[in-house]
Amino acid sequence: MSKKPQLTRSKLPISGRIVMFFIRHLQHAMGSMGELWRNPVSSIMTMAVLGVSLSLPAALQVLVKNAETITQSWNSAAEISLFVDDARSERTIQSLITRIKVYPEVSEVSYINREQALEEFQSLSGFGEALSYLDTNPLPAVVTVTPSLRYSSPTGARELLKKLELEPEVSFGRLDIEWLERLQAVVKLLERTVLAIAALLVLAVVLVIGNTIRLAIMSRRSEIEVMKLVGATEAFIQRPFLYTGIWYGIIGGILAWIIINLLVWYLDSALAELLGLYGSQLQMQSLSLVELGQLVGLASFLGWLGSYLSVRHHLRAIEPS
């Protein structure tokens, strides 16, 4: 009596092997999710730890992004004040303004004559009656220059100031930009802080997931021994644990995104009130969809990495007795 030929993996066509490959991975992915569901308390605790760990560098990244937005808006509003020589006539000053307007580095030019400067000073200083006793107007005419976007940085604005001070009608110029340089230095410090803290927390995430997977391996030690006895490959045995780590990372990344959105919502009104004092109407930005995808992708990779390192180390130590 002849036996029926069995269809083994080697006899499957290439398309069938590809389909079976994805089916097995899908089975292991769903099975690992079921393992998490069967242990909800420990799974939720681990995911919460990962979410909080990932939310800290993400929050710093949001802070840096908003600081850069504020800096850019203030850069575009930077102005150069040119004080005109008192001996210059209005016609000469108008000629100066015409020449400055054709500068490619200049975006906008405004002019405050001596009378307007005195009236503005009287209204703002509170010395209106005292100033009326002056025989002459001590204030010079001022030409205000707004640099173009390309020259709105501290370096570009300084270059433009040096060029404008060469004009014969200009007595001297002033560029109050030290505060902007300090702000940019703070932003650079924040960027480096984000990288340093992110590196530490990446290591923490890998260690947390590695330890969690180690406990899962130890709890299924007898099952792993049986699987090795019947000839299961290491790839087959370790695949569910790898998917467990990936699930930890994905859900932890989503939790971090939720935490960041809640934090932005909580701080938005306070930031709007603060910026309103400086005449700015900017709103606090949260993580975009692209940044959400990057966060979840990084978290899932870290989950896989922590699982892989733990699985490779601990599975080799388990041998059937």
Side-chain angles (χ1 to χ4, degrees), residues 33 36-37 39-78 152 178-209 211-212 245-306:
M33 176 59 76
L36 296 178
W37 183 258
N39 300 281
V41 176
S42 60
S43 300
I44 291 174
M45 292 287 289
T46 302
M47 294 171 186
V49 170
L50 297 179
V52 173
S53 300
L54 293 170
S55 65
L56 181 55
L60 291 175
Q61 175 61 30
V62 169
L63 179 61
V64 170
K65 183 169 72 169
N66 284 275
E68 289 176 345
T69 302
I70 296 172
T71 304
Q72 290 173 1
S73 66
W74 284 340
N75 278 347
S76 62
S152 61
E178 292 182 357
W179 63 273
L180 187 57
E181 291 179 324
R182 295 191 187 102
L183 179 60
Q184 290 182 340
V186 170
V187 171
K188 290 181 180 179
L189 176 62
L190 285 176
E191 290 175 349
R192 295 193 177 187
T193 303
V194 168
L195 293 177
I197 294 179
L200 293 175
L201 291 176
V202 160
L203 178 61
V205 168
V206 172
L207 292 176
V208 168
I209 293 180
N211 185 65
T212 303
I246 293 174
W247 284 122
Y248 276 132
I250 291 175
I251 299 175
I254 294 174
L255 286 176
W257 177 72
I258 294 173
I259 292 172
I260 293 302
N261 281 337
L262 292 175
L263 184 63
V264 169
W265 171 79
Y266 178 72
L267 296 177
D268 186 48
S269 58
L271 180 64
E273 182 179 353
L274 174 63
L275 294 179
L277 299 176
Y278 294 91
S280 178
Q281 302 297 325
L282 294 175
Q283 291 184 341
M284 194 169 183
Q285 301 180 34
S286 184
L287 295 176
S288 63
L289 292 178
V290 174
E291 291 171 327
L292 169 61
Q294 293 173 347
L295 176 62
V296 173
L298 174 63
S300 61
F301 170 75
L302 295 177
W304 173 86
L305 179 62

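Everything numeric here is computed off the predicted structure, so don't read it as measured data.
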key: Which residues share a side chain to side chain contact (heavy atoms under 4.5 Å, CB included) with Ala198, sequence neighbours left out   = Pro57
task = Any chance you could measure Leu305, atom CG, to Ser300, atom OG, to the nearest 0.5 Å?
result = 11.0 Å
request  = State the CG-OG distance between Leu207 and Ser53, to the nearest 0.5 angstrom.
outcome  = 10.5 Å
message = Under the rule for side chain to side chain contact (heavy atoms under 4.5 Å, CB included), what residues qualify as partners of Val208, not counting sequence neighbours?
response = Thr46, Val49, Leu50, Thr212
request  = Mind checking side chain to side chain contact (heavy atoms under 4.5 Å, CB included) for Leu56 and listing every partner two or more places apart, or none if nothing turns up?
outcome  = Ile197, Leu201
request  = Only pairs at least two apart or in different chains count here, so list each salt bridge (charged side-chain N to carboxylate O under 4.0 Å, His left out) that has a residue in residues 199-208.
outcome  = none
Which donor-acceptor pairs under 3.5 Å do the side chains of residues 247-263 make with protein atoms, sequence neighbours left out?
residue : atom : partner : partner atom : Å
Trp247  : NE1  : Ala29   : O            : 3.0
Trp247  : NE1  : Ser32   : OG           : 3.2
Asn261  : OD1  : Ser286  : OG           : 2.6

Listed once per pair and sorted, the salt bridge (charged side-chain N to carboxylate O under 4.0 Å, His left out) pairs that draw on residues 289-299, sequence neighbours left out = Lys65-Glu291
Inter-residue atom distance Phe301.CZ - Ile246.CD1, 0.5 Å rounding = 10.5 Å
